[in-house]
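The block underneath contains the structure these notes are about, expressed in structure tokens.
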Amino acid sequence: MTVHAPRTAVVTHGRGPRYLARAALELVGATAVVWIALGWGAWWVTLVVGVVVGFTVRRTRRAWVVGVGAGLLGWGLPLAWRALGAPVGGAARDISSLMGYSVAGVALLVTLVVGGALGACGTWLGRAARAYRPSRHGSASSR
Amino acid sequence: MGRGSDGGRRGGWRRHLNAALALITSGLVVGAALVGSVPTVPPLGAAFDPLTGVWQMTAGASVAHSMTLTAGVSHDVTVSFDAGGVPTITAATDADAMYAEGYVTARYRLLEMDLERRLGEGTLSAVLGPSALASDELQLSLGLTRTAQAEWDSLGPSSPQRQLLVAYSKGVNLAMSQMEAGHQLPAAMTLLDYRPAPWTPVDTLVVQGDLTEELDYTTSPADMALLERSLGPTRTAAWFPVTPTTPQAPYDPGPYVAAPLVPIRAVIPGTTPTPGVAVPPAPGRSSVRSSALGSGPLSGAQRAEAASLMGWIGRLTTTVRHYGASNNWVVAPSRSANGQALLANDPHLPQTLPSVWYEVAIDTPDLRLAGVEAPGLPGILLGRNDRVAWGFTDTQNQATLLYRETLSASNPSYYRWRGRWHALRTVSYHIAVAGGASVNYPVRISVHGPLVHLPGGTYALWWAGDLPNQDLLALVGLWHARDAVQVRAALQHWTAPTQNIAYADSAGHVGIIAPGVYPETAHGVPWLPLSGTGADDVVGTIPPRAVPQVADPAVGYAVSANQRPVTAAYPYYIGTVYDFFDPGYRALTISSRLAATTAATTATMASIETDLGDRLAVTLTGPLVAAVRASGAASSASGRAALALLTHWNGTMSSSSGAAALYWTWLGDYARDVFGPWWSATHVPVATDANLAISPATDAALVMDLETWSTRPTPGTALTLPDGRSRSAAAVMAQAFTQAVAHLTRQEGPPVAWRWDHLQSRQFASLTNAPALGYGPRGSGGDAFTPDAADGFPIAGTGPSWREIIALGRARPGTTPATSTGVYPGGQSENPLSPWYETWVTTWWDGRSHPLPNPARPARPIATWELRP
């Protein structure tokens, strides 16, 4: 006979190591998908990843962390990786200047904001869609 | 947005609201990421994709040290890059070399090339938005594309020019497709959200037209008409004369050939007259009211009309030239230290990053070239082969004429010409505008050229640059020339822009010749708007044997620096001091330097190229010092110190010179004191036409007047005030001295703190106008009249864009052969992250240069690319 822990217990235990490990795994996976897609020029996949995360991850806070985090990391880490062998700082200065800004950080900020915003919007859409998912009792749920 | 817990159920309306907000917000974000708001905001998703968007400029900056690619060449081609990024192209055929040249040029200058063709083709608005619409309309009216298309259509299938143009275009397109596939298009294109269209031979010919426009399209007839209207014909003729009243150093002093004019065979596209009719389809009186450029004082409405005209005709402020500055000269073996012929050239063009030049060397069985190309044009424009060398300066003869057309009142699509009515030809354009509605733009063309429509009149522009030309054929001839005779023969094909082409060959022959079209009218005053009735039409050009030229000059050298190349005895009209020869100070300085040496070396040539001597300053300082002493204007401590600066000054506009700072400030005050009262009293419309502002740096006629009036008594000068009171030149000079000292003391402190580079600087602006991608402003020496010219005050954006010094022939036994050198202030790559972006800025600034590559013995390459069939 299987004994299910009460929901309150899940919440309590969910912030423990297993919870964090699962969240980290989801974040790494989502980030990897975003990164790979960006290599193909498929920037919109960030939104799709957010939708999937928002829809499938049960916990709202974790969904937001994973969805937005994948957007930020998926767009930021490739730049960090690029910076190991290329003058990304100089590029930021030049791109910002081409955009009409004298502050080099503008290009970097825009990049991260775009990634983060796509991830956030996807997550939000996913959560909103999840609210229409039929519950176990046959009605729409916000889970 | 959802709450912080997964549990609980929401009310239906909240769930719907949340979903709606999520959809709306996501729609906005995706919209911004997908389409942006062109042209101000690019599609953010694609543009800032960290792996395929603008950040790829870091990848584009790296140099592929070894690369083999399949290309459309007939044999293997090798491209070897030296440390500065200068490619030496080794190919089995000329066409293969041009293919490779197109490829490497596009790899490093694609944005520049694309902007240049867009400029000429009137398609800048499609990427830059409404701000470029005026430029596009002007270009479509001028018709560089119509001319380029006519040139292309005239080339037979087997003509060498066609083959070279096609090969170059294919190379460009290969580079373009590779860059696009590798997400390495220039970052600016990504931000502007466009992909360049395939390059065509017509694009190349349009870029060539851009250069022509920059060098000899002027607004001078309109300027002169406004001056005459304000100052009156007598004063305008006296103060803006046809021939200079100051000492000159023409390279062709005569005697001259007064041969009959020869017809201009080329026809400006669209100007073939339609059949004339005695009565237009709907007869009526002329609708043309009194022209804004007629006679008498300008009314308010006429001033508005004139402003409209100038606004239209001068839309391309960066390309409309009223004042030029370039130097070239040759030294015969008899005057060089080692017996070699020497040639120097430093064309003064806008100094930008990237440069207007791209350095290249080409080696084929038929060609051995080293020099610079204008990105977009195959081969080289300036440089050498193994037997001859050449360099260009702008001749600056009048190449733009303005015709006043009479349109039918009832049917304005007809104009009056040679006593009959002719239908205007119309070419319609559709101008795409990024971020705005597209514009339909019809261009109407009379027998004289494209029309300018104004409330008060209709004008047509006749411009030599609109003539289909065979300049590329001339260049091909130059590349292959083996001696001076072949150089001159090749240049018979040159049309526009007229250039003073200095040449030297390995046998020691040197010379300068100014081939091209010089429009001559049978009647009328060409420096003013002409009648469109037919009486004042262009009837021909100066025959090639009579154009300004000198071959193997007896003095052993010849100099061109945009000065009037001939004396007043020359039997043809070639322009006025306003349109638009240089006052000649640089030519005098260079000539005197060369006359002073009988053993010139490349070091001599380099020191002349970087000479900061101002001949006008030398001339005026003596009278100025005398005037100040006589007037007692230097009675104060600062006045005495300032006078001491001038007393010990030799006219050198060096960076640290306090005297130079004082002199230039004084010259501006002096010009304003002399001419200002007249400009005010006669209402010279400076606000309408900025070219008419009193500026010694840009108006050759005014400084020449000042020189003449300050050094010898002259009747009818502006020194006599409009109310009849007379002033002496000395009194006005002293007055301006007091003003200048007060001005500088306020601005800079006591005279000991004055420096010229506090006032004058140079700037190499980015073509994108992005401040961080440019260089400077940085304080510098030089002014508009020094051989090392700084054109523009207080920030010079034009100056020596390329300095080449070439030695040809064998050195005398016991002497060392000279090394040919070149340098431009910039680098080979337009990518700001590239190590080749600003490579030679400091080199140029310090007056140094690097050896021109020797195609036969390329330097040890740091990168080698192979192009295979």
Side-chain angles (χ1 to χ4, degrees), chain A residues 7 11 35 38-44 46-47 54 58-61 63-64 74-79 82-83 85-88 90-100 102 104 107 110-111 113-115 117-118 120-122 124-132 135 139-143, chain B residues 1-10 12 14-23 25-30 32-34 40-59 61-62 183 186-188 190-192 766 768-774 831-833:
Chain A
R7 181 161 298 282
V11 171
W35 186 333
L38 289 174
W40 292 91
W43 54 269
W44 45 269
T46 311
L47 183 87
R58 194 169 57 181
R59 307 300 302 173
T60 298
R61 184 175 300 168
W64 279 102
W75 286 59
L77 287 178
L79 282 184
R82 187 188 286 274
V88 167
R93 178 204 61 198
D94 296 340
I95 294 165
S96 300
S97 187
L98 284 169
M99 296 165 66
S102 57
V110 170
T111 303
V113 165
V114 171
L118 287 169
C121 287
W124 191 0
L125 281 174
R127 297 313 288 175
R130 186 181 171 89
Y132 290 91
S135 72
S139 62
S141 163
S142 66
R143 292 179 181 178
Chain B
M1 212 177 271
R3 294 185 298 187
S5 162
D6 195 29
R9 294 169 63 98
R10 295 186 176 110
R14 291 184 66 185
R15 190 176 57 191
H16 297 324
L17 177 64
N18 182 56
L21 288 174
L23 280 171
T25 306
S26 298
L28 292 173
V29 169
V30 171
L34 194 61
T40 52
V41 180
L44 297 174
F48 287 91
D49 183 319
L51 295 175
T52 61
V54 285
W55 298 99
Q56 270 292 86
M57 72 186 297
T58 62
S62 60
H183 304 289
T190 306
L191 289 172
L192 291 170
S766 164
T768 63
N769 285 325
L773 308 190
N831 187 327
L833 297 177

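Lettering of chains follows the sequences in order, A, B, ..., and the numbering in each one begins at 1.
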Looking only at heavy atoms, what is the nearest atom pair of [X] and [Y], with distance?
X	Y	answer
B:Ala187	A:Leu98	CB-CD1, 4.0 Å
A:Asp94	B:Pro832	OD2-CB, 3.2 Å
B:Arg15	A:Ala131	CD-O, 3.3 Å
B:Trp55	A:Arg82	O-NH1, 3.4 Å
B:Thr58	A:Ala91	CG2-CB, 3.6 Å
B:Thr52	A:Leu38	CG2-O, 3.5 Å

Taking [options] one by one, which has the highest count of heavy-atom pairs under 4.5 Å against chain A?
options	value
B:Ala772, B:Gly45, B:Ser62	B:Gly45
B:Leu44, B:Asn769, B:Asn831, B:Leu28	B:Leu44
B:Pro50, B:Ser26, B:Ala33	B:Pro50

When the 4.5 angstrom heavy-atom criterion is applied to B:Ala59 and chain A, the contacting part is both

Give, as side chain, backbone, both or neither, the part of B:Leu34 having an atom under 4.5 angstrom from any heavy atom of chain A. both

Yes or no on side-chain contact (heavy atoms from CB on, under 4.5 Å) for A:Ile95 and B:Phe48, after CA distance, side-chain angles and deciding distance? CA-CA 10 Å; A:Ile95 294 165; B:Phe48 287 91; 4.1 Å; yes

Tell me, side chain or backbone of [X] under 4.5 Å from chain B's heavy atoms, or both, or neither?
X	answer
A:Trp44	neither
A:Ala42	backbone
A:Ala107	both

Output for pair (B:Leu51 CG, A:Trp40 CH2), nearest 0.5 Å, gives 12.0 Å

Within this structure, what is the CG-CZ distance for the pair B:Leu773 and A:Arg93, rounded to the nearest 0.5 Å? 7.0 Å

With a 4.5 Å heavy-atom cut-off, do A:Ser102 and B:Pro771 have their side chains touching? no

For A:Trp124 and B:Asn18, which I'm curious about, is there any donor-acceptor pair between the side chains at under 3.5 Å? yes

Assert top hit (heavy-atom pairs under 4.5 Å, partner chain B, pool A:Leu118, A:Leu77, A:Val113) equals A:Leu118

